[in-house]
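Here is the naming used below: chain letters follow the sequence lines, and residue numbers restart at 1 for every chain. Remember, predicted model here, so these are calculated numbers, not experimental data.
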Amino acid sequence: MDVTAIIEPLNEAQREAVTAPSRPVLVLAGAGSGKTRVLVHRIAWLIRIEGISPQRLLAVTFTNKAAAEMRGRIESLLDFPTRQFWIGTFHGLSHRLLRTHAEAAGLPSSFQIMDSEDQLRLIRRLLRSLEIDESEWAPKEVQWFINAQKDEGLRSKHVDDQGNAGRRQLIDLYARYETVCADSGLVDFAELLLRATELLQQHSDLREHYQSRFMHILVDEFQDTNAIQYHWLKLLAGRSSVPFVVGDDDQSIYRWRGARVENLQSFQRDFSDPLVVRLEQNYRSTGTILDAANAVIANNSERLGKNLWTDGDAGDSIKLYAAFNERDEAEFVVNRIADFIASGMRRSEVAVLYRSNAQSRVFEEALLIAGLPYRVYGGMRFFERAEVKDALAYLRLIANRDDDPSFERIVNVPTRGIGARTVDVVRQTARAMGVSLWRAAAAVISEERITKRSATSLLAFLRLIEQLDEATRSMSLAEQVEHVIHASGLIDHHKNDKLAGESRVENLQELVSAAQGFVADEDSELPPLVEFLSYAVLESGDTQAEDYEDSVQLMTLHSAKGLEFPVVFVCGLEDGLFPHQRSASDAAGLEEERRLCYVGLTRARQQVFLTYAEQRRLYGRDHYGTPSRFLREVPQELLEEVRPALKVSRPVYRRPSIDKAEASGVRLGQRVRHGKFGEGVVLNSEGNGAHARVQVNFERAGTKWLVLAYASLELM
DNA sequence: TACTATTTAATTTTT
DNA sequence: TTAAATAGTA
């Protein structure tokens, strides 16, 4: 392979990035500007032209999907296996480091990973054992707190209580949580990163080893990195590695889970003399779509600045539909989809995007009526299904008896006469003795702390696990799984269930297939089972098994990031829904919503439809919203309002134009001042014209409904 | 222990 | 509205 094959398909900016000399590179890659191509070609360039050994490259992504795609594209471009080459997610690579250096990291060699659900269960159990009322501390909040600290790189001992008693308790819970995890040999997702970072920080020999090994470190979606990930990168890069990061500040939509766009700026400060390349030529969308997206995002401040352009056609105008209510909205969308399909388009070429998952329902119903197959993104993944997790819990307990969450999960699944009282005694004993539930169970039996009958049941459970371990020791992984799902009684348990039993049994059998298809690392000294269990957590599988049927794509704006479709519907464009009410109170939140809108628009290749509903049923109540402010940010000349053919069934309703809604000036989240009640925030509004009313939450006077025409509110 | 009634809370998501 | 979690009952 010569230079031309790598360079030929690139434009000038892409070429500049791909062929950059050995110095830090920051690629600001706009939507649809070929960022994956740049990463893949950069790697090809480094290997083929610079002659760098693949072992000396590290490529990091956020999702397994992105990692797999990159791997695939490198293989097809270079026609060369990428086995020895480190491409993976932050979590996957951290996991690899921790497995390789478990001892140095202070972890048992057979440590296991908890997913968020496991983590939440563990926290719930912790709160219960401390007799902390869940109404005082919602387990979710505690979980959020702990993860947020870890994402910032902080251990419980590092967190400042700021003289706040509530915070002090959270920190205390964090500390106890750390102890429980350590005792059970469990590691949560954030812990993978934090622990790996500490490993590199505390062991200079390892740090230097990896720093000199990885000559080049490539990072995808850099705007999504959080504090610990950035720290991780800096440690791995050291002084000698050359970082090559690709990101887009305008597509940063994960600030709420710790992502720091500022890392883009920090990068320019922390790495000397970086080359900054902007990819602004877009190969995806029509000129009209790009103009609209550029105009919307221009309302954000503190951008690094970018303007997408295309040398393609302007294309069709953007269509706007003002629906009467959410059902009318869905009907409109589905009718349009039917038109597109009638004109020869495939169903999978159309995507319906919305802000929150709850919105999918109405679209699903309408698609069902129209007989159009669809696929909803998100939801339960294979390895997250309850029955699959039960089976995995058996396997985890076989691999590690101290795994308390797994013990709790299956001690009485299927029911074997071990009731809540028995488990309670075991829990208390475990706590008093400072040992795992497994050891405590043995003690409870020998010390006769429970009834004879309970003791028999509990002993039978302990024997079962021991037997499963012994019986499967010489088996292959798949045989092992097969044996466990039968001998544990799980299969029979679900067979008895008439309702959902059949699919559960199928899923358990699917787990055997997954084990069969799992290729364990040849070099690893760990049992394949331990590796498989980690794989199951880190790569929890697809939301749905590949459905081969051509179907309309339904998803949230968040999950649409990185995808593209010829036709895109962005729905529910109402203030309060999109931008979401809960992001409306501060400027940063609003800007993130706007970026989300930008992401939505730039998913489309040919045609964008924007819709909003004047009336929307949410949580059983009708809401009368104003059209989203983002609609007003799309230049009028790019928009074409679509009106439905008049229908008899439709109530006669004066549809306020967007401009009129703007004229009222009162929007959700808007701060207002009232002569008598003082200052407050607009929570809700309904009606129009002289009847328009708004609900305002006043700081001093509480929540009130006011008629706009009389209240004379002052906008702030 | 399993089923039923009641309460509660409700962006966005990957690992 | 509705789904999920919890509390109460047979």
Exercise. Touch check for A:Asn64, heavy atoms < 4.0 angstrom, all strands: base, sugar-phosphate only, or nothing?
Worked result: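 A:Asn64: backbone/sugar contact only, no base atoms under 4.0 Å.
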
For this session: Answer with base, sugar-phosphate or nothing: what part of the nucleic acid does A:Asn412 contact at a heavy-atom distance below 4.0 Å?
Result: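 If one applies the 4.0 Å heavy-atom cut-off, A:Asn412 turns out to touch the sugar-phosphate alone, with no base involved.
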
Could you tell me whether the phosphate oxygens of [N], OP1 or OP2, come under 4.0 Å of any side-chain nitrogen or oxygen in [X]?
X        : N      : value
A:Tyr619 : B:dT11 : yes
A:Ser583 : B:dT12 : no
A:Arg361 : C:dA3  : yes
A:Asn357 : B:dT13 : yes
A:Arg381 : B:dT15 : yes
A:Thr415 : B:dA2  : yes

For this session: Record whether the side chain of A:Ser116 comes under 3.5 Å of the base of B:dT15 through a donor-acceptor pair of N or O atoms.
Result: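 Side chain to base: pair found, below 3.5 Å.
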
Exercise. When the ring centroid of A:Phe62 is compared with that of A:His91, is the distance short of 6.0 Å?
Worked result: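 Here the rings of A:His91 and A:Phe62 have centres that are no less than 6.0 Å from each other.
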
Exercise. Which whole-number value in Å describes the distance from A:His91 NE2 to B:dT13 P?
Worked result: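 From A:His91 NE2 to B:dT13 P: 17 Å.
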
Problem set entry | Whole-Å distance separating the CD atom of A:Gln581 from the P atom of B:dA9 |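 Between P of B:dA9 and CD of A:Gln581: 17 Å.
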
